Amino acid sequence: MIRKLSKCIREFKLPSILSALFVTLEVVFECLIPFIIAQLVNAIDVKDGAAIELAQLLIYGGILVAMAIASLLCGALSGAFCAKASTGFARNLRKDLYYKVQEFSFENIDKFSTPSLVTRMTTDITNVQFSFMMIIRIAVRAPIMMIFSLVMAFIMGGVLAWIFVVVIPPLSLILFLIMRKAMPVFKRVFKKYDAMNESIQENVKGIRVVKAYVREDYEKEKFDRTAEDVCMDFTRAERILAWNNPAMQFFFYGVLSAVLFIGSYLILKTNGATNFGEVSQLIVYGMQILMSLMMFSMVFVMIVMSVESGRRICEILDEESTLHNPAHPVYEVADGSVDFDNVSFKYAQNAEKNVLENIDLHIKSGETIGIIGGTGSSKTSLVNLISRLYDASEGAVKVGGVDVRDYDIATLRNQVAVVLQKNVLFSGTIKENLRWGNASATDGELEEACRLAQADEFVRAFPKGYDTYIEQGGTNVSGGQKQRLCIARALLKKPKILILDDSTSAVDTQTDALIRKSFREYIPETTKIIIAQRISSVEDADRIIVMESGKINGIGTHEQLLKTNEIYAEVYNSQNKGGKKDEE
């Protein structure tokens, strides 16, 4: 885990090293200052009736001021480099994590929930950033200060310095026991964090439904339960970590009392052989040793919290996409023909049942294919294999006569435009959203695509037309308008295959008919696959596929299926009230 995370330091290695270097120099000056003060105190003692000379006093004072200024500058530089290194490390880590998620296949994305990914990219990275900041500054400062202070304590106090050595093992044992107890709690609490974020995301995303059904109180109670659960686990963890500070204070004041008692006794007993200056500065070194231990405990607490965060981040970084380009990919799609050669598919390798079973289907380039079937009949799963959002478990899916697994993924997906069931528009202008289909599209091409998708009229009705700003998630346009903009966006790719996955469900039948008419007249060479719930959306297709329980139940034209397929005839009759067709 450490090796994986440390790769994200990259260009911030130098600031990290400089931060550690300057904090080392800061500690050196801090540890030398008490030694100089001890010399000054001893020199001030009047011996044989002679007092310290002013010049000597000024020399000591000048040295102390110079050391204090040097320590201050080193501390400031260390802090500046530490801030640059830690924020840069977090930036690289967040960037690597985000880029990794972009490489994921649908199968990888299914493994991690969206709220969990958000928590890992925010809270978890912040925890790791704080730990890194402490490691390159405080974790460097603490051991160096402890070692220097111990050495100086032995130089100045001799046997008295062993008091500090004695307290280190029991204090280390206490810290180890605290860590051992707290780690499982933090491991548990971050999973509950994910659940809480999931509850928030679900509520905010579906706020209109919540208000429509007056379920605010229910949602509040659900959130309160989740938040209380997180709070209880954090409280439990904090209770364990809270033992850290009292333990430090106990040893701190215990050692201080021991040094004062034994030091005073030695001064009186040795008749001045042990002087006051040495004992007083020994106390300062003792405080520095214990302060360094307290710093250790701060770093330790932060690391305990961030270890689980680091593990969760590495889960994403270690996750390998289940889809890869072949060694020698094909970079050109010949045409829009699609072939399913005895294809079976399941979402997980250990799943007992296939989602699609023995699909044998051949679609000619330029054909219009309709797909009808009940909920759960695997219509979407079928078309997801065409653009290789998933790989077939058995058999082969071919586009343009080539197995989709042999194509460069980007090349294939640029030639297979998919308008999914859940239409998504991003915050930005209508033009910016449309250019997701073709970044270099001209204004004329944008307007032409919108005319084909029956979107041009309502776009021009907006005060700012194509420069109208779309709110996040497309909340300021209707469902039908959103669908038509998504269709226009797909058309701008000028694909060889166009897949509409129930993408006209929110538009009226007349608009739906106009969209299909545009497809027939303006993109006749494009293979069009239309998944729909309404018979009217597919009845003029060249062929219609009836899906049931992951299998093809029937294939034929509208007239053929009315005569030969019970499922199709039943759906048609139910939608047309006994078979009477809706007039266009």
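Quick caveat, the model's predicted, so the values are computed rather than measured. In this chain, numbering begins with 1 at the start of the sequence shown.
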For the backbone of [Y] and the side chain of [X], can you confirm whether one donor and one acceptor N or O come within less than 3.5 Å of each other?
X	Y	result
Lys379	Gly374	yes
Asp408	Thr411	yes
Ser503	Val419	yes

| request: Decide yes or no on salt bridge (charged side-chain N to carboxylate O under 4.0 Å, His left out) for Lys222 and Glu219, but give the supporting numbers first. | output: CA-CA 5 Å; Lys222 187 171 76 171; Glu219 288 295 318; 3.6 Å; yes
Identified side-chain contact (heavy atoms from CB on, under 4.5 Å) partner of [X] from the options [options]:
X	options	value
Lys398	Asp341, Asp406, Val338, Ile386	Asp341
Ile530	Thr368, Ile369, Leu498	Thr368
Phe340	Leu382, Ile552, Leu356	Leu382
Arg543	Ile363, Val538, Ile371	Ile363
Ser86	Phe130, Phe12, Phe132	Phe132

Can you confirm whether the side chains of [X] and [Y] place a donor and an acceptor under 3.5 Å from each other?
X	Y	value
Ser105	Asn108	yes
Tyr466	Asn433	no
Ser381	Tyr390	no

Calculate, to the nearest 0.5 Å, the distance between atoms [atom1] and [atom2] belonging to [X] and [Y] respectively.
X	Y	atom1	atom2	answer
Ser321	Ile409	OG	CD1	6.5 Å
Tyr572	Asn565	OH	CG	14.5 Å
Leu491	Tyr522	CG	OH	12.5 Å
Leu561	Ile567	CG	CD1	10.5 Å
Arg520	Thr526	CZ	OG1	14.5 Å

Is there side-chain contact between [X] and [Y], with at least one heavy-atom pair below 4.5 Å?
X	Y	result
Thr442	Glu445	yes
Ile523	Lys528	yes
Ser365	Lys496	no

Using a 3.5 Å cut-off and no angle test, enumerate the donor-acceptor pairs between side-chain atoms of residues 118-127 and protein atoms at least two apart in sequence or in another chain.
unit_1: Thr119; atom_1: OG1; unit_2: Pro115; atom_2: O; d: 2.9
unit_1: Thr119; atom_1: OG1; unit_2: Asp194; atom_2: OD1; d: 3.3
unit_1: Thr119; atom_1: OG1; unit_2: Asn197; atom_2: ND2; d: 2.4
unit_1: Arg120; atom_1: NE; unit_2: Ser116; atom_2: OG; d: 2.9
unit_1: Arg120; atom_1: NH1; unit_2: Arg312; atom_2: O; d: 2.9
unit_1: Arg120; atom_1: NH1; unit_2: Glu315; atom_2: OE1; d: 2.8
unit_1: Arg120; atom_1: NH2; unit_2: Ser116; atom_2: OG; d: 3.0
unit_1: Thr122; atom_1: OG1; unit_2: Val118; atom_2: O; d: 2.7
unit_1: Thr122; atom_1: OG1; unit_2: Thr119; atom_2: O; d: 3.4
unit_1: Asp124; atom_1: OD1; unit_2: Ser309; atom_2: OG; d: 2.9
unit_1: Asp124; atom_1: OD2; unit_2: Arg312; atom_2: NE; d: 2.7
unit_1: Asp124; atom_1: OD2; unit_2: Arg312; atom_2: NH2; d: 3.1
unit_1: Thr126; atom_1: OG1; unit_2: Thr122; atom_2: O; d: 2.9
unit_1: Asn127; atom_1: ND2; unit_2: Ser309; atom_2: OG; d: 3.1

| message | Which residues pass the ring pair (Phe, Tyr, Trp, His ring centres under 6.0 Å) test with Tyr568, not counting sequence neighbours? | response |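 For Tyr568 the ring pair (Phe, Tyr, Trp, His ring centres under 6.0 Å) partners, ignoring immediate neighbours, are His558.
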Hey, is [atom1] on [X] packed in by over 12 heavy atoms from elsewhere, all under 6.0 Å?
X	atom1	answer
Met1	CE	yes
Glu570	CD	no
Lys84	NZ	no

| message | Minimum heavy-atom separation for Thr429 and Glu432, please, with both atom names. | response |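 Reported closest heavy-atom pair: N-OE1, 2.9 Å.
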| request: Provide the closest heavy-atom pair for Lys7 versus Arg10 in the form atom of the first, atom of the second, distance. | output: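 Closest approach of Lys7 to Arg10, heavy atoms only: O-CG, 2.9 Å.
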